[in-house]
There are 2 protein chains.
Amino acid sequence: MEEKNHTGTSEKLVQSAEKLFAGKGFYGTSIRDVAETLSIAKSSVLHHFASKEKLYAAVLQNIADEMIREIRAIRQGPEDEAGQMRSFVGLLCDNSRDRPDRDLIILRELLDNRARVDTARKWYFSPYLEELAGIVRSGQDKGRFKPIHPGLFILHLLGAHHYFTISLPTVRQLLPPVFFDRMIRDHRAELTRMVEDRLVIGPDGRDNP
Amino acid sequence: MEEKNHTGTSEKLVQSAEKLFAGKGFYGTSIRDVAETLSIAKSSVLHHFASKEKLYAAVLQNIADEMIREIRAIRQGPEDEAGQMRSFVGLLCDNSRDRPDRDLIILRELLDNRARVDTARKWYFSPYLEELAGIVRSGQDKGRFKPIHPGLFILHLLGAHHYFTISLPTVRQLLPPVFFDRMIRDHRAELTRMVEDRLVIGPDGRDNP
DNA sequence: TTGACAGCCTACCGATCGTTCGGTAGGTAT
DNA sequence: ATACCTACCGAACGATCGGTAGGCTGTCAA
């Protein structure tokens, strides 16, 4: 058997780089910064990843892979489409609490990818969006979801959530603590309501498109 | 009388810098880049703004001022609170179409401000959020709006819109044109529905909180 | 035992970064 | 004519950037 990478440094580099890129972006993060988190030389980083771009790509790929795995696990689960969407809202909130760096990286990539979208650059998160839109379409095909545009609904749902989580540290300073705590508590319920009101057709079959 | 800034270079610099910062962020934009857009030396940029940070601050302040002016104009208009919120949705969409750089800068600042929020750094857009939350609170005080958390609703509305507009260039490549066009058309209607469903209490007085 | 290679190092490269400096051109006020 | 101002410039500063070259060490299969 081939026994490459027996130190696990590459994986540690990806994890460190994720945190740094999330905090200061691609241009704001230097290879030296990444190397220092593992107390190794800068050129050692370039031994594992041939360039800064490749390291960044590895970070994106790693995040995208995890997200795809999570959403596929939900989609292949036993729930119906409405239940899957509710589980997805829970997944969103849990991930933002446990892995806040992910949200930052995704948003940064969304911003940066905009500028170079014409350079035929790979977009790591399109399979993720495809899976989500797939759930919506599936529910619509079975007559359980309202005929809203799948991609639009997903973008609005993701937008409401990510924008909220990104704003939290800033808004925390602007709001009295009591209001802030209530806002956090209400957030997940509000996302769920977004699913119920705008997507799921009630058990009585009524629909107001 | 003192005759400062008779060339208008400072204003031109702010406008150029806004575009560049929007495209590649603070770290991704150099003073040299800004100077070249006006065909002047980079030291001349530093004559108008003592540092890169100060130039960036001027860009943010300029955007924040315009946005505050716009939202105050709506708020002091003749409409009731529901009409003001509808006008605000229209303002959002129009601005994103006419001044797309603004959305990018605001989102980037939201991301970057997160990291240094503990350094007591000024947050230029809090008065803007305050004005918006004020409209919601005012409508609630008059019994016209549902008792949703004002800040939460505003963040969800802004998030849904900004995330959507930011994603447009990327999503355009992933979607068949016919779906893409429909998505654009439905976006404003969907935001308006967000206001109607989750905020405004219908004329019959019914309310489902 | 030996050779291949992974991992990590020091040393160094050219380029670019933000910033500082001294100086010039042209206008205005005294 | 003197003094002072804004606007702008080119040169240079030290620091840092991403990346390269080459050498040392330890592991492991042949």
Side-chain angles (χ1 to χ4, degrees), chain A residues 1-62 105 108-109 112 115-116 119 121, chain B residues 1-62 105 108-109 112 115-116 119 121:
Chain A
M1 283 294 104
E2 311 306 311
E3 185 82 23
K4 272 188 184 181
N5 185 28
H6 51 279
T7 59
T9 305
S10 295
E11 286 77 5
K12 289 179 196 161
L13 281 175
V14 169
Q15 291 188 0
S16 290
E18 177 183 314
K19 193 171 299 183
L20 290 172
F21 283 137
K24 303 190 72 179
F26 181 79
Y27 296 109
T29 303
S30 69
I31 299 181
R32 197 167 181 271
D33 294 336
V34 181
E36 278 178 355
T37 65
L38 266 65
S39 299
I40 61 176
K42 166 177 79 156
S43 58
S44 301
V45 175
L46 289 163
H47 166 74
H48 292 275
F49 299 93
S51 70
K52 188 185 180 184
E53 278 282 356
K54 291 236 167 69
L55 173 59
Y56 186 62
V59 170
L60 290 179
Q61 191 67 66
N62 181 49
I105 293 251
R108 285 195 190 277
E109 175 60 9
D112 294 338
R116 57 202 175 190
T119 67
R121 200 168 177 286
Chain B
M1 284 296 102
E2 311 306 312
E3 185 87 21
K4 266 192 183 181
N5 186 27
H6 53 274
T7 58
T9 305
S10 294
E11 285 76 6
K12 289 179 197 160
L13 281 176
V14 168
Q15 291 188 0
S16 290
E18 176 181 316
K19 193 171 300 182
L20 291 172
F21 283 136
K24 304 191 73 181
F26 180 79
Y27 296 109
T29 303
S30 69
I31 296 182
R32 195 169 183 272
D33 294 335
V34 181
E36 277 177 355
T37 64
L38 267 64
S39 299
I40 62 175
K42 70 175 176 174
S43 57
S44 301
V45 174
L46 290 161
H47 165 74
H48 292 275
F49 299 93
S51 71
K52 189 184 179 184
E53 278 281 358
K54 292 237 168 67
L55 173 59
Y56 187 61
V59 170
L60 290 180
Q61 191 68 65
N62 180 50
I105 295 249
R108 284 194 191 276
E109 174 59 10
D112 293 339
R116 58 200 176 192
T119 66
R121 202 169 176 285

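Each chain gets a letter, A, B and so on, in the order its sequence line appears, and its residues count up from 1.
Looking at A:D33 and A:K19, no side-chain N of the basic residue comes within less than 4.0 Å of a carboxylate O on the acidic one, giving no salt bridge.
The minimum heavy-atom distance linking B:K42 with B:R32 is given by the pair CB-CA, 4.2 Å. Pairing each heavy atom of B:Y27 with each of A:K24, the nearest pair is OH-CE, 3.2 Å.
Straight-line distance from the CZ atom of A:F49 to the P atom of C:dA6: 15 Å, rounded to whole Å. Atom-to-atom, NZ of A:K42 to C1' of C:dT10 comes out at 12 Å; the value is rounded to the nearest Å. Atom CD1 in B:I31 sits about 16 Å away from atom P in C:dT16, given to the nearest Å. Atom CD1 in B:I40 sits about 11 Å away from atom P in D:dG10, given to the nearest Å. Residue A:L46 contributes atom CG, which lies 18 Å from atom P of C:dC12 at whole-angstrom precision. Separating the CG atom of B:L38 from the P atom of D:dA7 is a distance of 13 Å, rounded to the nearest angstrom. Per the geometry, CG belonging to B:L55 stands 15 Å off C1' belonging to C:dC17, to the nearest Å. In this structure, NE2 of A:H48 is placed 16 Å from P of D:dT20, rounded to the nearest angstrom.
Checked by atom type and distance alone, the side chain of B:S16 never pairs as donor or acceptor with a backbone atom of B:L13 at under 3.5 Å. A:T29 places a side-chain N or O within 3.5 Å of a backbone atom of A:L20 that can act as its donor or acceptor partner.
The residue among A:R32 and A:A50 whose nearest nucleotide of DNA chain D is located toward the 5' end is A:R32. Annotation: of the two residues near DNA chain C, A:H47 and B:D33, the 5′-most nearest-nucleotide partner is A:H47.
Side-chain atoms of A:K52 stay outside donor-acceptor range of the base of D:dG19, with no qualifying N/O pair under 3.5 Å. Residue B:S43 places no side-chain atom within donor-acceptor reach of the base of C:dT19, judged by atom type and a 3.5 Å distance cut-off alone.
Closest to the side chain of A:T9, out of D:dG18, C:dC8, D:dA7, is C:dC8.
Base contact: A:S44 has a heavy atom under 4.0 Å from a base atom.
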